[in-house]
Amino acid sequence: MRVRDLPLSPSVVDHFAERGVRELYPPQRAAVDAGVCEGADVVAAVPTASGKTFVAQLALLTADGPGLYVCPLRALAREKYETFAALPGVDVGISTGDFDATGEALAGNDVVVATSEKVDSAIRNGASWVDELACVVVDEVHLLGAKRRGPTLEVTLATLRRRNPDLQTVALSATVDNPDAIADWLDAALVESEWRPVDLRTGVAVGGAVDFDDGTNISVDVDRDEAKADDEGGGDGEGDEADEPDPTDVTAALVADAVADGGQCLAFVRSRREAVDLAERLAEDGLAAELGIGDAAAAAAEEATDVDGTLTGRQLADCLRAGVAFHHAGLRSGHRGVVESAFRERDVACICATPTLAAGVNVPARRVVVRDQRRYGEGGMAWIPTLEVHQMCGRAGRPGLDPHGEAVLVADADTREAVRERYVEGEPEAVESQLADPGSLRTHVLAAVATDFAATESEILDVFEGTFYAREAGAGGLADAVAVAVDDLVAAGMVARETGGVEDYRLVATAVGETTSKQYVRPETGERIVAGLRAAADLPEATTLTAFEVICDTPDMQDTYLGNAERAEIYRFARTNAAHLTTDMTEPDDFEGWLESVKTARILNEWIGGATVEELVEEYRIGPGDLDSRVERAEWLLSAAEALGETIGVRVPAVSRARSRL
DNA sequence: ATGGTTAGGCTTTAGACAGCATGTC
DNA sequence: CTAAAGCCTAACCAT
């Protein structure tokens with residue numbers, strides 16, 4: 001099947017031809033056969049980089065009206081925006097929290113690219129363009145199973161479809177265990193495929209020997225570092241443990257092997273620090289020395305240095321000069337951008353990364369090495385989900401550049417079988433709805449009431465009827481949980497029962513509930529802010545610290561790790577500033593959590609007081625990127641606080657002061 | 001006394017979405 | 001239901 005046989009305009013056909021796209025890949029063909037070009041609902045569960053974007057473009061270009069492309073990451077939204085904008089004759093708009101092409105202008109676009117939260121927010125704020133859509137494409141639908149963001153996605157999709165029954169829905173998913181359930185939910189045709197444009201072989205490495213799933217194997221020389229080699233000579237009771245090479249040495253050898261062969265590599269590790277350590281080690285090994293990476297790498301290092309004078313920045317620059325980089329969420333977006341583009345330009349031979357890179361922007365490599373398959377989480381060390389490891393592995397293989405991609409999981413003799421079974425042969429997990437989570441349900445129940453979509457519990461259930469959860473668990477499955485959510489919201493002062501008759505009442509959002517929903521904060525956050533503002537108004541002197549304490553002590557602010565060594569210091573800080581804090585230290589519900597909030601508040605307060613990134617990063621042991629994200633959230637939450645203050649008629653000047661100083 | 005080594009204990013641990021109204025080059 | 005690695009310090013050992 002050829003592109004020019006599709007119902008596309010000649011200029012679009014030319015556009016694709018210029019990029020070498022003339023023939024459809026098998027999964028794309030299957031999607032066309034399923035009717036993506038004729039308005040049919042389609043779920044495509046296919047591997048990363050097998051041409052999902054093209055399927056999205058087909059749906060959006062052939063739709064009879066404006067289209068919406070929903071994706072989970074802002075960086076991804078930006079990337080898709082660029083590729084859609086390159087299409088001839090298509091007006092594209094983008095709408096994400098950090099980058100918004102003016103609300104009303106979106107109505108005029110042929111295609112809008114947005115994050116799911118932004119679409120949800122647009123619905124809550126009554127944006128008109130969402131009702132005029134002819135087609136919605138949801139990328140990475142398997143995120144339906146994500147703890148907090150999954151419910152948003154399914155409720156948003158359900159709402160869009162409910163308000164617009166003719167809406168064509170196209171959902172793109174990674175390969176998961178139950179794509180049929182997703183297709184069933186959307187009444188869509190299912191396209192399932194394992195096909196990839198570049199073959200991928202996955203192997204398990206024990207020592208320097210790698211066995212791939214296609215029966216081939218390779219071996220690499222593992223240089224052990226001296227310290228390990230030394231203690232092997234001395235130890236006697238260790239037995240065969242001496243024969244067990246260090247996973248980091250194995251990883252380094254696998255990376256060096258790929259690089260020596262002219263390929264680029266991604267190495268995934270468990271923590272940020274280990275990503276940095278590994279990158280520094282590879283740089284020291286002179287990994288990319290003979291690659292002639294020289295000038296361009298120096299330029300990238302310079303760019304990294306220009307971002308800030310942080311320790312992280314200096315480490316990154318040093319690594320880049322050696323043709324290596326690290327990548328994790330503690331990096332500022334400027335640093336991430338430098339690393340990503342340097343890698344794409346092939347000025348970097350290897351990126352050592354945490355999972356940020358697994359699902360983010362496009363950075364294909366010849367070989368992917370997954371050093372750690374277990375990671376610390378709630379409740380100790382746990383296996384990383386198969387889906388996630390598959391996404392890391394899926395980054396291997398660059399079309400047109402590599403004969404095939406290679407993914408190598410580093411194991412040892414004891415774990416080899418478990419790793420092989422779980423990740424090489426194992427199926428990815430099934431996607432499960434998280435909507436029943438009380439916290440999520442509360443926010444979406446409030447949204448339904450606040451937008452006047454529902455005024456009774458049974459109407460709320462109607463709103464949720466189109467949801468993945470309802471399809472899986474049955475319509476009545478949510479009734480009890482919704483009743484609890486309503487009670488909670490009434491108790492929180494977000495929703496009121498307006499009696500009309502004896503047993504007859506209507507649910508109405510209170511002014512506070514409405515503002516909370518529109519500001520897109522969770523009900524608990526709205527509640528905490530309202531209480532905080534009232535308390536702040538009673539304080540003899542509310543300062544910017546007060547404002548920060550209030551917004552940091554909410555579930556919408558990410559918490560900041562509080563080390564044992566710092567705890568006493570933060571405690572003292574809280575005591576000496578007790579007059580400016582809204583919480584009585586002697587009887588907090590969650591003292592530890594509150595102390596963490598105080599730490600975050602203190603950081604933000606010093607930030608507006610003129611402290612530099614360098615100082616704060618040093619003093620509070622957080623990454624530069626962590627500071628940025630907290631500042632960003634603080635801006636949002638302070639504006640929510642201002643809006644809430646207005647609706648309850650409590651003015652706290654410190655809130656506005658803090659906000660303008662940010 | 002000095003220097004070096006080791007055992008044991010303590011600390012730390014992935015990621016990232018959202019509002020809104022103006023002003024500016 | 002589930003951990004592991006780095007760093008610091010104190011103790012210990014050899015010279």
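On a predicted model such as this, the values are computed, not experimentally measured, just so you know. Chain naming here is simple, since letters A, B, ... match the order of the sequence lines and numbering starts at 1 in each.
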Item checked: N/O (side chain, A:S639) to phosphate O (OP1/OP2, B:dC20) under 4.0 Å -> no
Checklist line | Nucleotide nearest A:T115 (side chain, heavy atoms from C-beta), chosen from B:dA16, B:dG19, B:dC17 | finding: B:dC17
Notebook entry, point to check: More 5' along DNA chain B: A:S271 or A:N125, using each one's nearest nucleotide?
Noted result: A:S271
Next item on the list: May I ask you to decide whether A:E79 forms a salt bridge with A:R74, counting only side-chain N to carboxylate O separations under 4.0 Å?
Entry: no
Checklist line | Euclidean distance, atom CG of residue A:D626 to atom P of B:dT13 [Å, nearest integer] | finding: 10 Å
Check: Taking the side chain of A:E388 as its heavy atoms from C-beta onward, which of B:dT13, B:dA18, B:dA14 lies nearest to it?
Finding: B:dA14
Check: Nearest-Å distance, CD1 (A:I622) to P (B:dG15)?
Finding: 14 Å
Item checked: Closest listed nucleotide, where the reference is the side chain of A:R621 and the choices are B:dG19, B:dT12, B:dC17 -> B:dT12
Note to self: Taking the P atom in each of C:dG6 and B:dA14, what is the distance between them to the nearest angstrom?
What the structure shows: 14 Å
Next item on the list: Go through the side-chain N and O atoms of A:D412 and A:T415 and say whether any donor and acceptor fall under 3.5 Å apart.
Entry: yes
Note to self: Hydrogens and angles aside, do A:N125 and A:Y520 bring a side-chain donor and acceptor to less than 3.5 Å of each other?
What the structure shows: no
Next item on the list: Sort out the partner of B:dT11 for me: Watson-Crick or G-U wobble, both distances under 3.5 Å, none otherwise.
Entry: C:dA5
Next item on the list: Looking only at side-chain atoms of A:T354, point me to the closest of B:dG19, B:dA18, B:dA14.
Entry: B:dA14
Check: Given C:dA3, B:dT12, B:dG15, which nucleotide is nearest the side-chain atoms of A:M381?
Finding: C:dA3
Next item on the list: Determine, stepwise, if the pair A:H328 / A:E274 fulfils side-chain contact (heavy atoms from CB on, under 4.5 Å).
Entry: CA-CA 10 Å; A:H328 59 68; A:E274 286 168 294; over 6 Å; no
Item checked: Nucleotide of B:dA18, B:dG19, B:dA14 approaching A:R375 most closely (side-chain heavy atoms) -> B:dA14
Next item on the list: Taking only the side-chain heavy atoms of A:R273 (C-beta and beyond), determine which of B:dG19, C:dG6, B:dT12 contains the nearest atom.
Entry: C:dG6
Note to self: On the nucleotide B:dG15, are OP1 or OP2 found under 4.0 Å from the side-chain N or O atoms that A:R272 carries?
What the structure shows: yes
Notebook entry, point to check: Has A:W636 got its ring stacked on B:dG19, by the test of a centre gap below 5.5 Å and a plane angle below 30°?
Noted result: no
Checklist line | Nucleotide of B:dG19, C:dT2, B:dA18 approaching A:R633 most closely (side-chain heavy atoms) | finding: B:dA18
Next item on the list: Could you check which nucleotide pairs with B:dA16 in any of the strands shown, counting Watson-Crick or G-U wobble with both distances under 3.5 Å?
Entry: none
Checklist line | Toward the 5' end of DNA chain B, by each residue's nearest nucleotide, A:E378 or A:K118 | finding: A:E378
Check: Which word best sums up how the rings of A:F591 and A:W594 line up, parallel for under 30°, tilted for 30 to 60°, or perpendicular for over 60°?
Finding: tilted
Next item on the list: From the options B:dT12, B:dG15, B:dC17, select the nucleotide whose nearest atom is closest to the side chain of A:R149.
Entry: B:dC17
